[in-house]
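Report on the following structure.
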Protein chains: 2
Amino acid sequence: MLLEPTIASAYEFLAARLKGGQPPAGVLAIAGRCRVEYQGRSATKTDAGDRFVLVKPDGSVLLHGPRSVKPINWQPPGAKFDVALQNEQLLLFARRAKPVEIIEMRFEKLSLCWLGEMDAGAGLQMSGSEFDLRDLLRSRPELLEVGFKPWERERITDQGPMDLYGEDAQGRRVVIEVKRVAAGLAESTQLWRYVEAERRRRGLDVRGILVAPRISPRALQMLQEHGLEFLERRWDDSASRAAREKSGPKQGSLALFGE
Amino acid sequence: MLLEPTIASAYEFLAARLKGGQPPAGVLAIAGRCRVEYQGRSATKTDAGDRFVLVKPDGSVLLHGPRSVKPINWQPPGAKFDVALQNEQLLLFARRAKPVEIIEMRFEKLSLCWLGEMDAGAGLQMSGSEFDLRDLLRSRPELLEVGFKPWERERITDQGPMDLYGEDAQGRRVVIEVKRVAAGLAESTQLWRYVEAERRRRGLDVRGILVAPRISPRALQMLQEHGLEFLERRWDDSASRAAREKSGPKQGSLALFGE
DNA sequence: CCCTGAATGTCGCAG
DNA sequence: CTGCGACGTTCAGGG
């Protein structure tokens, strides 16, 4: 670890830890004043500013400014590295092969240069995903509509995978799109795409239902224009968490809000 | 700055810098072994693992593991903070009001606790955005098709904003959707939505063209099924950069590849 | 505020 | 490897 290092000492530090272009063995943290240039899928350039850089052992790079969650520049896993001294500046390159992308950082001043070992840690247990919702609705279809019989979850069609597919009490085909969060135009359109293909194949008597906690006005209008339906369902995540506590991480489940 | 601090000394350090729940004055970097729980739009929980945490002066939080660009957990700008000692562990809370979201980090061991001042730095100059492409195509419509006359850029309709709108050599209306990267089903569907609304308003004689460097097979099929067109155009970013060097950051421009 | 769509999106999964 | 869609998407722009 180096605190307020000179350019030269930081160079020594990094050169020893990025041998042969390989990523560091642990997580590398560098804070300092630098200019950055990125060339790749897009291209950016910044004048000198204070940045905080993380380089991970999988070869990902994050260059952060003092605001926002998103890095100013970054590199996905797999990058290779070069370190150099030039014009009394420390140069750090990160390159990626496919697509070809480079980040070039020129540090004129450094305030931190740190390397720490980091184990992978235990896996992330998440609840409340759309996958959990599909599971819930498939196992308890009455939560959607009395008499609905789901045939498949994630029916793969030429038009893409439908979230739920089945038959209503009157024997009509039903295509269902489930959203965890508020639905917008994109989700309405997605349902429309599935239903249109199904109507072409099976005839006009195919229903399409978008199930979500909320829908935007324009998205609702679009559904109505195409004879599709919106079903408001709010999810209660707490039941899911309770269930997971008891039965382990794989046992995802949810309940409807207020059930 | 604290290196390998005790839990108690790290608590002192953080409590003094997160007064009244406010974010730190600079960027705070904490490395250590911790458990994390998140409750909000979703819910996650991790067992103990080595993490690297950044807390920014705008109240954003990033909790990184040793892999990938995306944080394991995070908080967007605006979070408020609490620090506490409990069971010989350091607790760091970050809360957000709307939507209500909390992250709770319980450190059992710390290896770094650092605060650094960071200025905002100079603005980011970016080239190669979709906005630049629209500019190029509007100013040089012959790159799309001989005789095409663009009327508007970003025509706002009830169905949303169209990238380009105009008239072809035969006087037919043309709706154009421009993509910087490969187009998929979502982009085809988006164009379909615009064109369908326009056909409803103006009659069937409306063309829709998706302009992109590449398109997926299914997306192309979907276009054809709805009488829409795909136009392959690859962008050359280098011309843009050259132009920007000369005329400053606001002067975004692009050229077609190989032009 | 909400709504909408871009993004160097990233990530994971399935074919 | 590509295609496809979810994501606690984040973010900026407009009404």
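Protein chains get the first letters and strands the later ones, always in sequence-line order, with residue 1 at the start of each.
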Check the distance between [N]'s [atom2] and [X]'s [atom1] and give it to me in whole angstrom.
X      : N      : atom1 : atom2 : value
A:Q125 : D:dG8  : CD    : C1'   : 16 Å
A:M162 : D:dG5  : CE    : P     : 12 Å
B:D58  : D:dA12 : CG    : P     : 11 Å
A:F131 : D:dC7  : CZ    : C1'   : 16 Å
B:N73  : D:dG8  : CG    : C1'   : 9 Å
B:D163 : C:dA6  : CG    : P     : 7 Å
A:Q221 : C:dC3  : CD    : C1'   : 14 Å
A:E177 : D:dA6  : CD    : C1'   : 10 Å

Heavy atoms from C-beta onward define the side chain here; which of [options] lies closest to that of [X]?
X      : options              : answer
B:R41  : D:dG8, C:dT8, C:dA6  : D:dG8
A:S129 : C:dT8, D:dC7, D:dG8  : D:dC7
B:L185 : D:dT10, D:dG8, D:dG5 : D:dG5
A:Y38  : C:dA7, D:dC7, C:dT8  : C:dT8

- Task: Could you work out the separation of D:dG8 and D:dC4 based on their P atoms and round it to a whole Å?
- Result: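 Taking atom P in both D:dG8 and D:dC4, they lie 22 Å apart.
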- Pairwise C1' distance for D:dC7 and C:dA7, with rounding to whole Å: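 D:dC7 and C:dA7 have their C1' atoms separated by 13 Å.
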Hydrogens and angles aside, do [X] and [Y] bring a side-chain donor and acceptor to less than 3.5 Å of each other?
X      : Y      : answer
A:H64  : A:K70  : no
A:E196 : B:H226 : yes
A:E198 : A:Y165 : yes
A:Y194 : A:E177 : no
B:N73  : B:T44  : yes
A:R218 : A:Q221 : yes

- Minimal non-hydrogen separation, B:Q75 against B:E101, with atom names: NE2-O, 3.5 Å
- If you look at every heavy atom in A:G184 and A:S216, which pair is closest and at what distance?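 Of all heavy-atom pairs spanning A:G184 and A:S216, the closest is CA-OG, 3.8 Å.
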- Kindly say whether A:D135 contributes a backbone atom to a donor-acceptor pair with the side chain of A:S139 at under 3.5 angstrom?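 Between the backbone of A:D135 and the side chain of A:S139 there is a qualifying donor-acceptor contact (under 3.5 Å).
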- Query: Between the side chain of B:R199 and the main-chain N/O of B:V206, is any donor-acceptor distance below 3.5 Å?
  - Reply: yes
Students often get this wrong, so: under 4.0 angstrom with heavy atoms, is [X] touching a base, only sugar-phosphate, or nothing?
X      : value
B:I102 : nothing
B:P76  : base
A:E101 : base

- Message: Please list, in numerical order, the residues of residues 186-194 of chain B that have a heavy atom closer than 4.0 Å to any atom of DNA chain C.
- Response: B:Q190, B:R193, B:Y194
- Message: Between A:P77 and A:K70, which residue's closest nucleotide on DNA chain C lies nearer the 5′ terminus?
- Response: A:K70
Produce the list of close N/O pairs, under 3.5 Å, pairing protein atoms with atoms of nucleotides 1-3 of chain D; give distances to one decimal.
| from | atom 1 | to | atom 2 | distance (Å) |
| --- | --- | --- | --- | --- |
| D:dG3 | OP2 | B:R214 | NH1 | 3.4 |
| D:dG3 | OP2 | B:R214 | NH2 | 3.3 |

- Message: Side chains of B:F93 and B:I102, heavy atoms from C-beta outward: is any pair under 4.5 Å?
- Response: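 No - every pair of side-chain heavy atoms lies 4.5 Å or more apart.
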- Of B:W74 and A:R67, the one whose closest DNA chain D nucleotide lies more 5': B:W74
- side-chain N/O A:S68 vs D:dC11 OP1/OP2, d < 4.0 Å: yes
- Side-chain donor/acceptor of B:Q39 to base of D:dG8, under 3.5 Å: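 No such pair is found, so the answer is no.
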